[in-house]
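Remarks on the structure that follows.
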Amino acid sequence: MTYTFVTLFSNLVEGYFSDSILRRAIDKDLLGIKFLNPRDFSNNKHSKVDDTAVGGGAGMVMNSQPLYDALKSLKEEDENVHIVFLTPVAKPFVQNDAKRLATKSHIAFVSGRYEGIDERVIETFADEVFSIGDYILTGGELASLVMCDAISRNIDGVLGNSDSLTVESFETSLLEAPSFSKPKLYEGLSVPSEYLKGNHSKIRSLKLAMSECKTKFFRPEQLKKHCQGVK
Ligand code: ADE
């Protein structure tokens with residue numbers, strides 16, 4: 001998988017790949033990371049990339065020309081690139097999207113800054129448009145990293161232990177049961193006693209009961225789906 005981050009601020013993104021799981025995935029050639037800065041495509045003599053919005057409104061909008069030309073060059077280089085725009089005005093990104101997008105060969109994340117991206121650029125180039133939640137970030141870079149991280153975990157070989165994908169929250173409609181580390185007794189607090197007895201069928205039932213409990217408390221709408229047999 002190749003990811004291209006289309007951003008005015010590549011240094012905000014770069015650091016995330018300097019360590020841990022995604023660093024190892026890059027070292028194993030499972031992931032490749034590229035950056036494309038719209039500023040490098042600006043026709044303005046000061047390399048300006050923002051402008052006031054046509055029709056008024058507060059703040060500046062990302063100019064169409066630099067971003068349009070950057071994406072045109074990206075498409076010319078790889079016509080199969082899957083272009084994703086990050087904006088709060090979009091469908092929410094969920095685990096099924098992460099799994100589906102993990103099968104692509106090249107994804108470009110387009111991060112907006114200022115008050116937004118010229119809608120015509122989105123209309124022309126977007127394969128998909130995503131929001132990562134109902135709140136407004138200062139730009140799309142964090143959102144693109146969130147998506148990139150969630151997608152990458154679903155690429156074969158990126159996680160050390162592929163088992164860890166199957167029992168997780170959102171792989172079913174239930175949230176995952178709580179996990180415990182050693183020691184069994186810590187600061188006077190014990191792990192559930194059933195975990196210590198080694199009866200795996202009982203541990204499984206207990207984990208399911210705790211999953212249902214957590215889901216009921218934190219995400220009651222998900223529990224409803226579970227009871228209706230919807231994933
Ligand atoms: N840019 C600003 N806020 C965002 C959000 N919630 N999701 C995706 N991109 C964004």
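Each ligand, and each atom within it, is numbered from 1 in the order the structure gives. Predicted model only: the values in this text are computed from it and were never measured.
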- From CA spacing to verdict: salt bridge (charged side-chain N to carboxylate O under 4.0 Å, His left out), Arg100, Asp97: CA-CA 5 Å; Arg100 178 174 56 76; Asp97 297 311; 2.9 Å; yes
Check each N or O atom of ligand 1 against all protein N or O atoms and list the pairs under 3.5 Å, with atom names and distances to 0.1 Å, one per line.
from     : atom 1 : to     : atom 2 : distance (Å)
ligand 1 : 3 (N)  : Leu137 : N      : 3.0
ligand 1 : 6 (N)  : Gly133 : O      : 3.1
ligand 1 : 6 (N)  : Tyr135 : O      : 2.8
ligand 1 : 7 (N)  : Ile132 : N      : 3.0
ligand 1 : 9 (N)  : Thr87  : N      : 3.3

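No single ILVMFWY cluster, assembled from side-chain heavy atoms under 4.5 Å apart, contains both Val61 and Leu67.
Residue pairs satisfying the salt bridge (Lys or Arg N to Asp or Glu O under 4.0 Å) criterion with at least one member in residues 131-148, sequence neighbours excluded, are listed as follows: Arg113-Glu141. The side chain to side chain donor-acceptor pair (under 3.5 Å) contacts involving residues 68-87 comprise Gln65-Asp69, Asp78-His106, His82-Glu128, where partners must be two or more places apart or lie in separate chains.
The closest side-chain heavy-atom distance from Arg39 to Pro66 is not below 4.5 Å.
Contacts of Lys182 classified as side chain to side chain contact (heavy atoms under 4.5 Å, CB included), with partners at least two apart in sequence or in another chain: none.
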